[in-house]
Amino acid sequence: MKENKDRVIIASDINERDGIGVEIYRNDELIAEIFRDDTDKTRTIRVFKENISLELMEECIKTFKKEIPWDFIKYD
């Protein structure tokens, strides 16, 4: 039986967008990204796999909420 290789990478981005998010990998394959954009004041999910179970997506969202501060950064 092959063991799942799950990992989460916390990454910031300041090029095309300005914010921070999590990338979720399963078996070394990027399956989803959840990102907080501080410029647009949005939180978005980008999916890289055609089908993701509801349970896995809920787990991804839970990880995002645990690892990434909810409040947007306010710029002067």
Side-chain angles (χ1 to χ4, degrees):
M1 176 184 250
K2 187 175 179 183
E3 182 179 329
N4 273 346
K5 294 181 182 178
D6 294 345
R7 63 187 164 110
V8 174
I9 295 178
I10 299 171
S12 64
D13 189 353
I14 56 170
N15 285 323
E16 296 176 17
R17 53 192 184 169
D18 187 7
I20 190 167
V22 294
E23 296 175 345
I24 293 95
Y25 291 81
R26 175 148 287 177
N27 295 322
D28 293 325
E29 177 185 6
L30 178 61
I31 58 165
E33 172 198 67
I34 306 177
F35 190 78
R36 184 196 77 205
D37 190 315
D38 293 320
T39 302
D40 294 340
K41 306 287 189 260
T42 59
R43 294 174 197 86
T44 57
I45 297 174
R46 188 162 41 162
V47 180
F48 298 94
K49 190 171 177 177
E50 188 173 335
N51 294 307
I52 295 179
S53 70
L54 177 59
E55 292 82 6
L56 178 55
M57 186 53 65
E58 288 174 335
E59 184 180 322
C60 293
I61 293 168
K62 183 178 178 180
T63 299
F64 174 80
K65 288 181 174 182
K66 176 183 170 199
E67 299 294 336
I68 304 301
W70 192 253
D71 294 332
F72 296 106
I73 294 175
K74 296 177 184 175
Y75 296 104
D76 294 331

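Side chains included, hydrogens not; waters and symmetry mates left out as well; all remaining heavy atoms used. No experiment lies behind these values; they were computed from the predicted model shown.
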Polar side-chain atom of Asp13 near backbone of Gly19 as donor-acceptor pair, under 3.5 Å: no
Same apolar cluster (I L V M F W Y, side chains within < 4.5 Å links), Leu30/Val22: no
Any side-chain heavy-atom pair of Arg17 and Phe35 under 4.5 Å: yes
Shared hydrophobic cluster for Tyr25 and Met57 (ILVMFWY, side-chain gaps under 4.5 Å): no
From CD (Glu33) to OG1 (Thr44), nearest 0.5 Å: 6.5 Å
Main-chain N/O of Ser53 paired to Asn51 side chain as donor or acceptor, under 3.5 Å: no
Which side-chain N or O atoms in residues 59-74 pair as donor and acceptor under 3.5 Å with protein atoms at least two apart or in another chain?
from, atom 1, to, atom 2, distance (Å)
Thr63, OG1, Glu59, O, 3.0

Validation row: Ile10, Ile20 side chains within 4.5 angstrom (heavy atoms): yes
Test item: Ile31 and Leu56 side chains (from C-beta on) under 4.5 Å apart, heavy atoms: yes
Flag if over 12 foreign heavy atoms under 6.0 Å of CD1, Ile14: no
Side chain to side chain, Val47 and Ile52, heavy atoms closer than 4.5 Å: yes
Exam field: side chain Asp40 to backbone Thr42, donor-acceptor pair closer than 3.5 Å: no
Spatial distance of atom CZ (Arg26) from atom NZ (Lys5) [nearest 0.5 Å]: 14.0 Å
4.5 Å side-chain heavy-atom contact, Arg7 and Asp28: yes
Glu58 and Leu54, any side-chain heavy atoms less than 4.5 Å apart: yes
